[in-house]
Amino acid sequence: MSPRVLPTVLTAALIGGILAATPASATESHQRPIRLLGERIVPNALQFQGTTVGGLSSIDYDPRTGGYALICDDRSAINPARFYTATFPVSASGVGDVTFTGTKPLLRPDGTPYPPLSQNDPAKPQNEQTIDPEELRVDPWTGDYYWSQEGERTATTLIDPSIREARRDGKYVRDLPIPANEKMTPTAGPRQNLVLEGITFAGFGSLLASEVEGPLLQDGPEPTTTTGSLSRITLQSRFGPVLAQYAYPQEPLFAAPVPSTAFATTGVSSMLAVDQADPSKFLMMERSFSTGVGNKVRVYEIDTTGATNVLNVKSLADAKHVKPVKKRFLFDAADLGLSTVDNLEGMTWGPKLPNGERSLILVSDNNFSPTQVTQFVALAVPSERL
């Protein structure tokens, strides 16, 4: 069956729930713990091929090279918006050093790099305006890159978020359609900087799932220390058509900032398919920060089976009968024994370990700040935990 025929047939089977979820192979009391294999911290302000390494907002394993692809969330303020490739040896006995192997700018349809925000030209098409890169995934079919960006919302500027395809050299291929409710309007759509933080392939590459970091304006307020919120997960064909949308219940803010008027934020910073054979299960990374307290990063497993399709639900705040995705706590980064829990934003499955465990790789975004770190983390995840 040719690749062009496969998605239509496979998507129908996956969305219809023909592929059932596999039950856990062991009870909770007999599950082995998720454990730290090791971590590496990259020197701050590392210079590589004429760029400053930092702002690493996502990571994805590339089976073609055995290495990783990482997007940088620099909005062309330091260097042109770009991605990196790197190697990071992982084994049951630990992890090796991080070695960067390449970097390329992400390019606009006209073949030029994206401009910084200060030089943005609103007269140009949206796919040529300034971007805020957040997550990049390697296409399991072609090896190309699919990447998300958050757009912009200010009193004078509205730039829609987007999911784009690029060649391995950064050349623009196309924009995928996004749901109308994820586009920026003066009174609805995503909040500033709480947009398309995560994407992942599912269904053997026939599907693309994405998530909005926080609740849309029409879906209610952001989480507080006493209440959570509902954000949206979108499932679409790799060729574009949007198939479904689900409500994701976000946790309350883990702690109030100090002082109480200072900055605090929480939201979903990455998502990852648990198994390409099951398009209903994903890992969701919830990343929070409160001034004077620090970071809190937790990972959950979710299941969209039986959840309400909210694609045509105008507001989750007013939806009385919406059934959100099922959610199960997996781990808190504070319990892993890390040297520090920094601004972890990306995750990917790494190589399988000899004992059958899966390696899960995390990366942190240092925001190009001298007080933060670029941190690579490798975990061992027993098969019965998922």
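As a basis for the values below, the full set of heavy atoms in this structure was taken, side chains included, without hydrogen atoms, waters or symmetry mates.
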Would Asp144 and Arg167 satisfy salt bridge (charged side-chain N to carboxylate O under 4.0 Å, His left out), going step by step from the backbone distance to the final call? CA-CA 5 Å; Asp144 283 352; Arg167 302 295 185 207; 2.7 Å; yes
Please step through side chain to side chain contact (heavy atoms under 4.5 Å, CB included) for the pair Met184 and Glu152, ending with a clear verdict. CA-CA 8 Å; Met184 298 286 189; Glu152 180 72 14; over 6 Å; no
Might you work through the side chain to side chain contact (heavy atoms under 4.5 Å, CB included) test for Leu107 and Thr112, ending with a clear yes or no? CA-CA 5 Å; Leu107 300 178; Thr112 62; 5.9 Å; no
Could you walk me through whether Phe282 and Tyr300 satisfy the side chain to side chain contact (heavy atoms under 4.5 Å, CB included) test, starting with their C-alpha distance in whole Å, then the side-chain angles of each, then the deciding distance to 0.1 Å, before giving a yes or no? CA-CA 8 Å; Phe282 301 92; Tyr300 298 85; over 6 Å; no
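In this structure, CZ on Arg287 lies 8.0 Å from OG1 on Thr266, to the nearest 0.5 angstrom. The CZ atom of Phe331 lies 5.0 Å from the CG atom of Leu379; values are rounded to the nearest 0.5 Å. For the atom pair CG of Asn181 and CG of Leu217, the computed distance is 11.5 Å after rounding to the nearest 0.5 Å. For the atom pair CD of Gln276 and CZ of Phe204, the computed distance is 7.5 Å after rounding to the nearest 0.5 Å. Here the straight-line distance linking atom CG of Asp132 with atom OG of Ser76 works out to 10.5 Å at 0.5 Å rounding. From Glu301, atom CD reaches atom CZ of Arg328 across 4.5 Å, with rounding to the nearest 0.5 Å.
Partners of Phe254 under the ring pair (Phe, Tyr, Trp, His ring centres under 6.0 Å) rule, at least two apart in sequence or in another chain, do not exist in this structure. With sequence neighbours excluded, no residue satisfies ring pair (Phe, Tyr, Trp, His ring centres under 6.0 Å) with Phe368. Considering only residues two or more places apart in sequence or on other chains, Ser58 meets the side chain to side chain contact (heavy atoms under 4.5 Å, CB included) condition with Ile71, Glu135, Leu136. Residues meeting the salt bridge (Lys or Arg N to Asp or Glu O under 4.0 Å) test with Lys296, sequence neighbours left out: Asp332. Qualifying ring pair (Phe, Tyr, Trp, His ring centres under 6.0 Å) partners for Tyr84, counting only residues two or more places apart in sequence or in other chains: Phe100. Taking Asp219 as the reference, Arg232 meet the salt bridge (Lys or Arg N to Asp or Glu O under 4.0 Å) condition, with sequence neighbours excluded. For Phe289, the ring pair (Phe, Tyr, Trp, His ring centres under 6.0 Å) test picks out no residue, with sequence neighbours left out. With sequence neighbours excluded, no residue forms a salt bridge (Lys or Arg N to Asp or Glu O under 4.0 Å) with Arg298.
A donor atom on one side chain and an acceptor atom on the other are not found under 3.5 Å apart for Asn295 and Asp342. Side-chain atoms of Gln192 and Thr154 form no donor-acceptor pair, as typed in the model, at a separation below 3.5 Å. Donor-acceptor pairing under 3.5 Å is lacking for the side chains of Asn366 and Ser369. Between the side chains of Ser364 and Asn343, no donor N or O sits under 3.5 Å from an acceptor N or O. Under 3.5 Å, the side chains of Gln372 and Asn367 contain a donor-acceptor pair of N or O atoms. Side chains of Ser57 and Glu345: a donor-acceptor N/O pair is present below 3.5 angstrom, by distance only. Between Gln375 and Glu39, the side chains place a donor N or O and an acceptor N or O closer than 3.5 Å (distance only, hydrogens not considered). Counted by atom type alone, Thr304 and Ser280 present zero donor-acceptor pairs between their side chains at under 3.5 Å.
With a 4.5 Å cut-off on side-chain heavy atoms, Thr374 and Ile41 do not count as touching. Side-chain atoms of Leu70 and Thr85, non-hydrogen and from C-beta on, never get closer than 4.5 Å to each other. Contact annotation: the side chain of Leu283 never approaches that of Met271 to less than 4.5 Å [non-hydrogen atoms, C-beta and beyond]. Within the 4.5 Å cutoff, no side-chain heavy atoms of Ile361 are placed close to those of Met347. By the 4.5 Å heavy-atom criterion applied to side chains, Gln126 and Ile159 are counted as neighbours. The closest side-chain heavy-atom distance from Leu362 to Phe376 is not below 4.5 Å. You'll find the side chain of Thr103 reaches within 4.5 Å of the side chain of Phe48, heavy atoms only. Looking only at side-chain heavy atoms (C-beta outward), Thr130 and Asp121 stay at 4.5 Å or farther from each other.
Judged purely by atom type and a 3.5 angstrom limit, Arg153 uses its side chain to pair as donor or acceptor with the backbone of Pro190. A donor-acceptor pair under 3.5 Å is absent between the side-chain atoms of Ser290 and the main chain of Ala264, judged by distance alone. A donor-acceptor contact shorter than 3.5 Å links the side chain of Thr291 to the backbone of Phe263. A donor-acceptor pair is defined here as one N or O able to donate and one able to accept, closer than 3.5 Å; such a pair exists between the side chain of Arg137 and the backbone of Ile59. With hydrogens and angles disregarded, no donor-acceptor distance shorter than 3.5 Å links the side chain of Ser162 to the backbone of Arg164.
Identified under the side-chain hydrogen bond (donor to acceptor under 3.5 Å, both in side chains) test for residues 249-264, with sequence neighbours left out: Ser231-Gln250, Glu251-Lys327. Every pair passing salt bridge (charged side-chain N to carboxylate O under 4.0 Å, His left out) that includes a residue from residues 177-198 is listed here, sequence neighbours excluded: Arg191-Glu222. Listed by first then second residue, pairs satisfying ring pair (Phe, Tyr, Trp, His ring centres under 6.0 Å) with a partner in residues 163-183 number zero, not counting sequence neighbours. Residue pairs meeting the side-chain hydrogen bond (donor to acceptor under 3.5 Å, both in side chains) criterion with at least one partner in residues 309-320, sequence neighbours excluded, are absent.
Between Glu357 and the choices Lys352, Arg35, Arg385, the side-chain hydrogen bond (donor to acceptor under 3.5 Å, both in side chains) rule is met once, by Arg35. Of the residues listed (Leu360, Asp278, Leu330, Ile34), the one engaging Leu386 in a side-chain contact (heavy atoms from CB on, under 4.5 Å) is Leu330, and it is the only one.
Here the closest heavy-atom approach between residue Glu384 and residue Gln31 is recorded as O-NE2, 3.2 Å. Ala380 and Leu353 get closest at one heavy-atom pair: CB-CD1, 3.8 Å. The two atoms that bring Asn79 and Gly50 nearest to each other are ND2-O, 3.6 Å, heavy atoms only.
At a threshold of 4.5 Å between side-chain heavy atoms, the hydrophobic network of Ile, Leu, Val, Met, Phe, Trp and Tyr places Val98 and Leu37 in one connected group. With hydrophobic clusters built from ILVMFWY side chains whose heavy atoms lie under 4.5 angstrom apart, Val212 does not share a cluster with Leu235.
A cation-pi arrangement is present between Arg238 and Trp141 under the rule of less than 6.0 angstrom and at most 45 degrees off the ring axis.
For the pair Arg168 and Asp62, the salt-bridge criterion is met [side-chain N within less than 4.0 Å of a carboxylate O].
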